[in-house]
Amino acid sequence: MQQIEHIKEFGGWLNRYTHPSTACHCDMTLSVYLPPAAGQGPVPAVYYLSGLTCTDDNVRVKAGAQRYAAELGLALVMPDTSPRGADVPDAPDRYDLGQGAGFYVNATRPPWDRHYHMLDYVTEELPALLEAHLPLASGVRSITGHSMGGHGALVVALRRPDLYRAVSAFAPICNPTAVGWGEGCLAAYLGEDRDTWLQYDATELIRAGKTFPGALLIDQGTDDEFLADQLHPQALATACRNSDQALELRMQPGYDHSYHFIATFIGEHLAFHASALRDTG
């Protein structure tokens with residue numbers, strides 16, 4: 001990894017790195033906040049997956065998460081949302097496909113199949129790389145995210161519950177196989193066989209019997225402009241009620257889809273993660 005930024009915050013350090021990715025076949029950029037406690041030894045890590053059109057920069061600037069992470073002794077890992085670069089396929093006329101919209105899948109359809117392996121990047125390559133080079137406790141991690149990133153957090157936790165000790169999400173795309181954002185990306189990345197999409201849909205994974213050991217924590221604003229058409233939290237809630245999956249779905253009156261909403265509740269989410277990381281550590 002090459003460190004390209006090193007900024008003091010709340011007694012710790014906000015670092016930015018680039019590195020060549022074997023999963024995505026390009027250089028990837030990410031940010032990591034190391035709390036003051038990392039100066040004394042390895043600390044647990046919370047991975048934050050961002051939404052459509054975002055990079056690692058959005059959350060580190062807008063969410064106010066570093067103050068809470070410093071107090072709780074948590075590292076924050078903030079990857080990019082997709083592979084990027086001149087050689088990486090893109091859909092420049094669309095914000096919801098291509099660079100900025102990796103959807104946390106392993107693409108199988110050209111031209112996306114060489115670079116768009118964000119599932120492998122997030123679950124395999126990145127933890128191994130960071131735990132080898134930074135003061136992060138091996139295997140002691142949890143995951144959260146917003147919108148497309150909330151979708152990603154739920155999906156990877158349900159598919160690989162062995163990798164994470166807690167999962168939460170802000171306004172996630174809960175049932176992507178049934179909404180426009182999901183259908184557009186999943187068809188492009190995976191092909192037209194809708195059965196192959198189900199492995200990237202949290203609601204469908206729960207319907208198929210996948211569960212996470214512990215409650216899913218989800219905050220959703222009632223004034224979110226995408227709630228009715230794209231997010232479908234009630235579909236996820238119904239699937240959880242019909243299975244053994246515990247869910248805490250908090251409908252937050254008056255909040256929208258923005259980082260103002262995330263900043264309001266990020267402290268509670270990080271406290272939720274800290275408790276799980278301590279209890280099982």
Side-chain angles (χ1 to χ4, degrees), residues 42-49 65 68-69 72-79 103-106 118-128 130-131 136-177 197-220 231-251 265-281:
V43 295
V46 178
Y47 284 66
Y48 180 98
L49 305 186
Y68 300 106
L72 294 166
L74 299 174
L76 298 175
V77 177
M78 298 162 277
F103 235 79
Y104 304 101
V105 306
N106 287 339
M118 289 299 293
L119 178 74
D120 285 348
Y121 179 69
V122 167
T123 60
E124 300 292 344
E125 180 178 10
L126 196 55
L130 297 183
E131 290 173 13
L136 304 184
S138 179
V140 186
R141 65 183 84 96
S142 64
I143 193 161
T144 187
H146 171 232
S147 194
M148 178 186 72
H151 141 79
L154 294 172
V155 165
V156 301
L158 289 166
R159 289 178 56 148
R160 293 297 308 274
D162 56 307
L163 297 181
Y164 306 101
R165 306 211 175 163
V167 58
S168 72
F170 299 89
I173 306 171
C174 294
N175 195 188
T177 60
W197 304 0
L198 302 181
Q199 63 187 313
Y200 296 108
D201 185 315
T203 297
E204 297 298 336
L205 287 170
I206 291 169
R207 287 173 178 163
K210 297 286 188 182
T211 58
F212 185 81
L216 314 178
L217 172 62
I218 295 176
D219 274 316
Q220 172 63 64
L231 305 179
H232 289 200
Q234 296 307 326
L236 181 71
T238 299
C240 289
R241 281 196 301 270
N242 293 333
S243 75
D244 294 326
Q245 180 60 60
L247 169 67
E248 184 176 2
L249 173 60
R250 309 193 305 187
M251 301 300 296
F265 299 104
I266 190 69
E268 295 177 30
H269 279 242
L270 291 181
F272 167 79
H273 287 275
S275 178
L277 291 164
R278 284 194 301 266
D279 289 347
T280 56

How close do [X] and [Y] get, counting heavy atoms only, and between which atoms?
X: S243; Y: I206; answer: OG-CG2, 3.3 Å
X: G145; Y: A153; answer: N-CB, 4.0 Å
X: A75; Y: L136; answer: CB-CD2, 3.5 Å
X: C174; Y: H232; answer: CB-O, 3.4 Å
X: P44; Y: G73; answer: CD-O, 3.7 Å
X: D219; Y: H269; answer: OD2-NE2, 2.7 Å

Handout entry: CA sep, side-chain torsions, deciding dist, call: L270, L76, side-chain contact (heavy atoms from CB on, under 4.5 Å)
Key = CA-CA 10 Å; L270 291 181; L76 298 175; 3.9 Å; yes

Handout entry: Partner residues of Q245 under the side chain to side chain donor-acceptor pair (under 3.5 Å) criterion, sequence neighbours left out
Key = none

[X]: ring pair (Phe, Tyr, Trp, His ring centres under 6.0 Å) partners, not counting sequence neighbours:
X: Y104; result: none
X: H273; result: none
X: F265; result: Y255, F261
X: F103; result: H151

Problem - Side chain T238, main chain Q234, donor-acceptor under 3.5 Å - result: yes

Problem - Any donor-acceptor pair under 3.5 Å from N106 side chain to D120 backbone - result: yes

With a 4.5 Å cut-off on side-chain heavy atoms, are [Y] and [X] touching?
X: T123; Y: Y164; value: yes
X: L277; Y: V46; value: yes
X: V122; Y: V155; value: no
X: E248; Y: F272; value: no
X: P161; Y: P213; value: yes

Exercise for the section: State the CG-CG distance between L205 and L236, to the nearest 0.5 angstrom. Expected result: 10.0 Å

Problem - Pairwise distance CG(L216) to OG(S168) - rounded to 0.5 angstrom - result: 9.5 Å

Any residue meeting side chain to side chain contact (heavy atoms under 4.5 Å, CB included) with [X], in chain and number order, not counting sequence neighbours:
X: A169; value: L154, P172, I218
X: A215; value: A246
X: T177; value: N175, L186, W197, L198, D201, E204
X: P79; value: L49, V77, Y121, L126

Exercise for the section: Show your reasoning for whether side-chain contact (heavy atoms from CB on, under 4.5 Å) applies to Y47 and L130. Expected result: CA-CA 11 Å; Y47 284 66; L130 297 183; 4.0 Å; yes

Handout entry: Working for side-chain contact (heavy atoms from CB on, under 4.5 Å), residues V167 and I143
Key = CA-CA 5 Å; V167 58; I143 193 161; 3.8 Å; yes

Practice task
Using the side-chain contact (heavy atoms from CB on, under 4.5 Å) rule, take N242 and R207 through it: C-alpha gap first, then chi angles, then the decisive distance, then the call.
Solution key: CA-CA 8 Å; N242 293 333; R207 287 173 178 163; over 6 Å; no

So, using salt bridge (charged side-chain N to carboxylate O under 4.0 Å, His left out) as the criterion, who are the partners of [X] when residues are at least two apart?
X: E268; result: R250
X: D162; result: R160
X: E131; result: R141

Handout entry: With C240, the side chain to side chain contact (heavy atoms under 4.5 Å, CB included) member among L249, T211, L247
Key = L247

